[in-house]
Structure formats: structure tokens, C-alpha cells
> 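I'd like to ask you about the structure that follows.
We use all heavy atoms of the structure for the numbers below, so side chains are in, but hydrogens, waters and symmetry mates are not.
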Amino acid sequence: MGESTGPAVMALGVLPSLAAAGSLVWAVACRRAEMRQRFGRLARPTAVCATLSLITSFAAPQAGSGWKMAEAALLLLLVAVVTRWSPMSQLALALTPAALAVTLWPLPLVTGESFLESIGIGAFWLLPVVAAVAVGGYPRRQALRRRRAVAEARSAQRLQLSRDLHDFVAHDISGIVVQAQAARFVAAADPSHAMLALERIERAGLSALAAMDRTVRMLHGPEAAATEPLPDLTQLPLLVENFTESGATEALLDLPHPVTERLSREAGSVAYRIVVEGLTNIRRHAPDASRATVAFTPTATAVELRITNDLGAGRTSARRASRIGGLGLPALAEHAQTLGGTLSAGPHGDGGWQLTAVLPAAPPKEKTP
């Protein structure tokens, strides 16, 4: 095109600026609810504007540096918007030509400079591109972190919900099933025993409803969930008593007084859940077991919990090892590990089963003379 600076050259030089400005006007000239969607579709227009800028920078450098400065400013604005709102798959499509267009536009205007000086000029104009990417990238990163935090919170809430339903509701429902089966067999021969079974069914149903109400309140926010604390070790005697009354297995509880003082509130709640899970598994997998023991043994730095049942007349415990386990024990094992403890389960004695948990505890209090 020689040294001509006629209207055609000027029109060609101003074309990228008009295209960039038109893209920005199109993105903001809409309702506010649609603006974010249009911002997310600016990657391809930005790539087109950057390509036009590269072509005019080298094909029509005589168009003037004034338009090129405005053009670079508009491209930097587009880079910031694209970095903030465009999909990750389209970022390279837009950022690469835009960075080249802003970095290289002064080079055709500079004559007689050495290669190193040209590199310095390009590096200088690369800094605004980096700044524009940072301006758009920082809020994008913060928004991503917020979305991840919300997703993790929802996942933790769903996990807590499933644990509550499994640990408490499933225990009460299994008790209702056992009592209903017993009442069906004794109703005709001894109606009085059937009435007792119905009373236990009522208590277990109310307990299951209370657990579900607590879980639903938890879904409404932490404030609602905190109004009713989870069960702890002080409720174990009633739990063991109800377990003995509702089935053929006699449960014995050994809970020394120092244990309740040394376990933290969270560890006590986990211990209660473990006992519920252990008794529920005995009811499901060893309903004919004659005896089950729940024993707490304090040590110097921890409390050991053992839930043991014998084989029973029905010899159902021997098959438990071959069954596929549910979600209760793995979830409780993970919870115990977060507290610094352990949980394991396996065969015990002549066909029985034992669930063992070790939970960290405060050191024993020194006796004053």
C-alpha cells in the first residue's frame, strides 16, 4: 500500500476499533439478566477483533498511532471481560490473538531499532495484557472458590443427613419390625404381650419421627440444627434397656463414670452412634444372639469401646462376615478417624462378632488428697 494515507487506509485502520467497540456495546445493550450471558459469548468476537488488529498493524501501519492506542485499550477491556466470564475452553481462542495484537502493534511504527529493543517494546506492552488477565481472573477465581465451598457444604450436609437417617432412624425402624413380628406371633395366645409390643412400637416410632424432625431442621440451617443437641453417652442406658425389651437378646452396659467426663461432646456423640450401629447390626444379623455387651474401658489417653455378641441359638452371626457391609460402619470409621481414633469389626469367639472403637479422651483427673 506504499506510503498512502488516504481514506481507504484510514478506514482500514479504524476497523478493529469499531469492531471492538461494537462488541462491547452489544454485550451491555441488553437487560441486566442477559448481560452475563452475552459477556460469556465475547471470546469469538474478541478473537476476530484481535485478528483484524494484527492485520491492520502490519498491513496499514500508516493509519496512525492514535487509533492503535484506542484499539489496544478496547482489546484490553475485552481481555478482562473474556477472562472473567468466558468458558475455559474458549479462553485460549481469545487471549492468544489479543495478547499478540496488543504486544506487537508498536513494532511496525518503530524503525531502526535493534532486535533486543524490539523485544523490550513487546515485553513492555505485554504487561497491560497480564494486568487485564489478572483483573478478570481474580473475581473468576473467587467465584470458583465460592462455588466449590457451596458444593462441599452441600455434600457434607447430605452426608450428615444420610448418617443421621442411618444411625438413628434405621435403628428405630428395625426395632419396630422386630416388635411387629413378635406381636404377630403372640397376639392370639397372649394379647397382653401384644399390647406391650405395640407400646414399644409406638415409642420407637416417636423416636424415629424425632430423629427425622432433627434432620429436617438441620437442612434449614446450622442455627436450627443447634437448637437440639445430638444424643450422647448419658442416653446409653435407655438405649440398651429398650434394645433388651424389644428382642430376644439381652444387652449389658458397662459405662464407668470417668468415661463420660473424659470424652468430649463430639466424641461422646460418635460413641453413641457407634453403639446404635452395633446394636442395630446385632438385631439385623444376629437376632437370635442370647447376649450382647457394650463395654467402655478408659485408658491413659483414650477410651476403648467394645460391642460384642455371642453366636446364639439361630447361628446367624457366622454368616455376617460373608455379607456385603452397608454404609454405617465405613462412615463411622471415617468419623472416628477425624477425631484421631479407630474403628474395626470382625468375628469374635465361637461364631460371635465384635465391634471395637478407640476414641481419644482427656487424661484422667488427678485425685486430690
Side-chain angles (χ1 to χ4, degrees), residues 1 3-32 34-111 113 115-144:
M1 299 182 68
E3 298 295 328
S4 175
T5 57
V9 176
M10 295 298 297
L12 184 62
V14 78
L15 182 60
S17 299
L18 292 177
S23 300
L24 290 171
V25 171
W26 170 81
V28 299
C30 62
R31 292 180 297 179
R32 188 171 183 179
E34 301 176 359
M35 194 178 300
R36 183 177 298 182
Q37 296 180 355
R38 292 196 176 187
F39 282 160
R41 294 190 295 221
L42 281 178
R44 287 185 174 86
T46 300
V48 172
C49 295
T51 303
L52 289 174
S53 177
L54 282 170
I55 293 173
T56 56
S57 294
F58 290 92
Q62 302 86 0
S65 61
W67 283 114
K68 283 298 178 182
M69 291 288 290
E71 181 182 305
L74 290 171
L75 285 176
L76 290 174
L77 185 58
L78 284 173
V79 165
V81 174
V82 167
T83 305
R84 173 64 180 92
W85 297 110
S86 291
M88 291 293 296
S89 59
Q90 299 181 13
L91 285 182
L93 172 67
L95 296 185
T96 301
L100 291 174
V102 175
T103 302
L104 301 180
W105 78 264
L107 298 184
L109 302 177
V110 178
T111 58
E113 302 292 342
F115 178 72
L116 292 179
E117 290 174 335
S118 298
I119 292 179
I121 294 173
F124 175 80
W125 280 98
L126 182 63
L127 295 178
V129 178
V130 174
V133 172
V135 169
Y138 179 76
R140 184 190 187 104
R141 179 174 176 271
Q142 293 299 105
L144 179 61

> Output, in order, the C-alpha distance, side-chain angles, deciding distance and verdict of side chain to side chain donor-acceptor pair (under 3.5 Å) for Lys68 and Thr56.
CA-CA 9 Å; Lys68 283 298 178 182; Thr56 56; 2.8 Å; yes
> Show your working on side chain to side chain contact (heavy atoms under 4.5 Å, CB included) between Leu75 and Cys49 and close with a plain yes or no.
CA-CA 8 Å; Leu75 285 176; Cys49 295; 4.1 Å; yes
> Could you state the interatomic distance from CG (Leu78) to CG (Leu24), rounded to the nearest 0.5 Å?
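Spacing of CG (Leu78) from CG (Leu24) equals 4.0 Å.
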> Can you tell me how far the CG atom of Leu74 sits from the CE atom of Met69, to the nearest 0.5 Å?
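Those atoms lie 11.5 Å apart.
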> To the nearest 0.5 Å, what is the distance between CZ on Arg141 and OG1 on Thr83?
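Separation between the atoms: 15.0 Å.
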> Can you give me the closest heavy-atom contact between Val129 and Trp125, atom names plus distance?
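For Val129 and Trp125, the tightest heavy-atom pair comes out as CG2-O, 3.8 Å.
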> Can you see which heavy atom on Leu42 is nearest to which on Val82, and at what distance?
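Taking every non-hydrogen atom into account, O-CG2, 3.7 Å.
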> Can you tell me how far OG1 of Thr103 sits from CD1 of Ile119, rounded to the nearest 0.5 angstrom?
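The distance works out to 12.5 Å.
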> Kindly give the heavy-atom pair with the smallest separation between Arg84 and Arg140, and that separation in Å.
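In this case the closest contact between Arg84 and Arg140 is O-NH1, 3.3 Å.
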> Minimum heavy-atom separation for Arg38 to Ala29, with atom names?
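The pair with the smallest heavy-atom distance is NH1-O, 3.5 Å.
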> Rounded to the nearest 0.5 Å, how far apart are CD1 of Ile121 and CH2 of Trp105?
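Answer rounded to 0.5 Å: 10.0 Å.
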> Measure the CH2-CZ distance between Trp26 and Arg41 for me, rounded to the nearest 0.5 Å.
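Here the interatomic distance stands at 4.5 Å.
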> Identify the two heavy atoms, one from Pro97 and one from Ala92, that lie closest to each other, and give their separation to 0.1 Å.
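Minimum heavy-atom contact is CD-O, 4.0 Å.
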> Tell me the closest heavy-atom pair linking Leu52 and Ala19, and the distance in Å.
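Result for this residue pair: CD1-CB, 4.3 Å.
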